[in-house]
Amino acid sequence: MQGLWQLFYNMELGLMTVLAAMENHRIHVDKDALKRTSDLLGTKLKQLEQEAHKAAGQQFLVTSSNQLRLVLFEKLRLHELCENKKLPKTVLKQHHSTSEVVLMQLQDLHPLPKIILEYRQVHKIKSTYVDGIMSCMKKSYISSTWNQTGTVSGRLSAKHPNIQAIPKQPIQITRKQYIQGKEPEVVTIHPRSMFITEEGWTFLAADFSQVELRLLAHLSSDPELLKLFQEPGTTADVFSMLASQWKEIPETEVKHADREQAKRIVYSTVYGAGKERLSEILGITADQASQFVESFLQKYKQVRAFTQKTIQQCQKQDRCLSRASERPPEHSEHHPGYVVSIMGRRRQLPHIGAQDYTIRTQAERQAVNFVVQGSAADLCKIAMIRIFTLVASSSTLTARLVAQIHDELLFEVEDSQVEEFAASLKSTMESLQHVEALGVHLKVPLKVTLSTGKSWGSMTEVLDLRSCSH
DNA sequence: CTAATCTTT
DNA sequence: CGGGAAAGATTAG
């Protein structure tokens with residue numbers, strides 16, 4: 001296995017002890033707060049269920065899409081009221097879908113769809129992120145299980161609980177009060193705020209900013225994209241800038257939601273989203289969406305060149321290795337095409353040369369996505385090892401790695417060491433622009449942002465390293 | 001668009 | 001009755 005030994009020896013083997021330490025660490029959870037929100041969400045769900053039954057004019061299981069379909073389309077016949085809109089059907093079953101997009105379209109016609117949408121949101125939060133977390137708890141803490149070899153891209157995954165998928169955004173619940181003259185009370189639920197530090201310790205999170213976009217700039221060498229990152233100070237935040245350009249509003253007017261949308265658009269576009277999907281995200285027509293894709297790829301010309309080059313290389317590997325002349329036919333196995341990440345990780349894509357358009361183009365998008373996502377995963381894993389080594393070889397530092405959320409490393413640090421550790425952490429991570437041992441020399445700098453907090457849900461950015469201690 | 005986990009039917 | 005697929009929610013880029 002050419003090239004893979006280095007990856008195994010220098011990265012995966014070294015990571016094992018880091019993951020072991022992470023699994024041994026206990027993340028404290030505010031059990032009382034969890035119980036309170038579980039009860040709160042429980043009564044909210046009962047309310048919504050009753051509202052749904054009232055709106056439907058019958059009792060039914062609101063969590064069942066089958067029963068909902070019966071109510072929505074066979075009893076209320078809502079699809080007949082909006083034949084102007086095309087309602088997507090579940091594939092191959094000729095049933096009407098009860099998916100989010102359908103319910104969104106139906107919500108002006110009847111009160112029920114809106115209730116269902118809210119029910120689903122609250123139900124998900126309760127079952128997975130409140131009750132689910134509670135069932136993972138031992139005493140007053142959780143420890144996730146980390147899987148090093150469970151993904152095709154080289155990313156880590158976590159389970160029991162999946163700490164990488166705890167909601168980032170708080171949700172607002174309006175609690176109806178049955179006390180006379182009282183306004184309905186609005187409470188915000190934030191699952192991340194249930195994760196708290198030990199007494200005398202602080203969470204410190206370090207994020208690689210726009211890591212995949214920076215890697216795309218490096219991998220494609222696109223001059224416009226490189227410019228965005230190579231001129232420090234010019235661009236405060238790339239996605240905010242792109243949002244301001246797209247929405248035609250000043251960068252100071254860009255809201256957090258605008259930035260998030262811009263981020264989705266950019267990644268969707270470079271990973272090959274079609275105009276239909278993109279128009280859904282943007283809330284515009286498919287024609288406008290395809291115009292956006294074209295103007296984006298026109299401005300960042302080398303991005304398309306990079307995706308084409310990647311697909312070609314994958315096809316080339318396919319042809320080379322499966323050629324009969326290189327191996328005796330009697331021993332010929334199927335050697336699918338593969339692509340390689342920045343540190344030599346591979347992904348095989350046997351369908352890269354498929355006849356079927358759908359199968360082939362999916363493999364092409366996966367090939368492109370792997371090179372960028374896999375390279376980002378490499379970088380984050382190296383960062384974990386470096387930091388772990390840094391702490392282990394220090395006689396004073398006691399910082400502990402608590403979790404990895406792909407581009408973010410979450411540490412628990414003794415209060416008195418936050419400032420010192422933050423500085424080393426940031427410089428160690430940003431120095432990964434150049435990794436001599438693995439031949440990595442990125443054309444763009446890496447940017448790490450830091451934040452601190454006593455709970456994971458109340459992290460605030462550290463803007464000045466010198467003011468960290470107090 | 002890509003990559004995951006978790007709950008429910 | 002139970003395993004597994006599908007749907008639909010969350011996250012990350």
Side-chain angles (χ1 to χ4, degrees), chain A residues 60-69 88 90-93 95 97-103 116-133 135-136 144-147 149-169 171 191-192 207-216 238-239 260 262-282 289 293 296 307 310 339 341 347 349 361-377 379-380 403-409:
Chain A
F60 71 103
L61 193 53
V62 283
T63 52
S64 164
S65 44
N66 274 321
Q67 291 189 30
L68 178 64
R69 180 157 43 233
T90 52
V91 279
L92 217 71
K93 279 188 186 166
H95 280 139
S97 164
T98 60
S99 65
E100 186 183 346
V101 278
V102 175
L103 295 179
I116 300 296
L117 284 169
E118 191 180 355
Y119 186 94
R120 284 183 180 171
Q121 185 198 22
V122 176
H123 187 260
K124 173 69 180 183
I125 298 276
K126 184 178 188 300
S127 65
T128 307
Y129 304 115
V130 180
D131 298 350
I133 295 293
S135 69
C136 294
S144 291
T145 304
W146 293 89
N147 192 348
T149 56
T151 67
V152 291
S153 61
R155 278 182 168 187
L156 297 176
S157 73
K159 65 179 185 187
H160 200 265
N162 178 8
I163 199 164
Q164 295 177 318
I166 310 287
K168 194 167 203 178
Q169 285 294 125
I171 61 154
R192 287 195 179 189
D207 267 76
F208 279 119
S209 298
Q210 312 105 18
V211 63
E212 287 188 18
L213 198 59
R214 282 171 193 262
L215 281 166
L216 181 69
V238 180
F239 292 118
E260 287 303 298
K263 188 168 137 181
R264 278 188 79 188
I265 295 161
V266 169
Y267 285 123
S268 303
T269 304
V270 307
Y271 293 137
K275 55 183 188 291
E276 294 82 7
R277 186 73 190 91
L278 211 58
S279 66
E280 262 179 49
I281 300 170
L282 286 161
V293 175
F296 184 91
T307 62
T310 303
V339 280
S341 77
R347 180 173 180 183
L349 290 151
T361 52
Q362 187 187 18
E364 290 174 356
R365 290 189 298 269
Q366 287 171 324
V368 174
N369 179 264
F370 171 83
V371 176
V372 186
Q373 189 184 114
S375 299
L379 213 57
C380 296
Q404 185 244 46
I405 304 95
H406 303 121
D407 67 322
E408 169 188 346
L409 300 181

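Note that the coordinates shown come from a computational prediction; the quantities given were computed from them, not determined experimentally. Lettering follows sequence order; numbering is per chain, from 1.
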Please work out if [X] contacts a base, only the sugar-phosphate, or nothing of the nucleic acid, heavy-atom cut-off 4.0 Å.
X: A/Ile166; value: sugar-phosphate
X: A/Gln362; value: sugar-phosphate
X: A/Arg365; value: sugar-phosphate
X: A/Ala158; value: sugar-phosphate
X: A/Gln164; value: sugar-phosphate
X: A/Val266; value: nothing
X: A/Arg347; value: sugar-phosphate

B/dC6 base to A/Lys159 side chain: any donor-acceptor pair below 3.5 Å? no

Has the side chain of A/Gln366 got a donor or acceptor atom sitting under 3.5 Å from an opposite partner on the base of B/dT2?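 Such a pair does not exist between side chain and base.
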
Tell me: [atom1] of [X] to [atom2] of [N], nearest whole Å?
X: A/His160; N: B/dT5; atom1: NE2; atom2: P; value: 14 Å
X: A/Glu276; N: B/dC1; atom1: CD; atom2: P; value: 8 Å
X: A/Leu213; N: B/dC1; atom1: CG; atom2: C1'; value: 15 Å

Student check: side-chain heavy atoms of A/Ser268 and A/Arg277 closer than 4.5 Å: no

A/Tyr129 has a side chain; which of B/dA3, C/dT11, C/dT10 sits nearest to it?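 The answer is C/dT10.
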
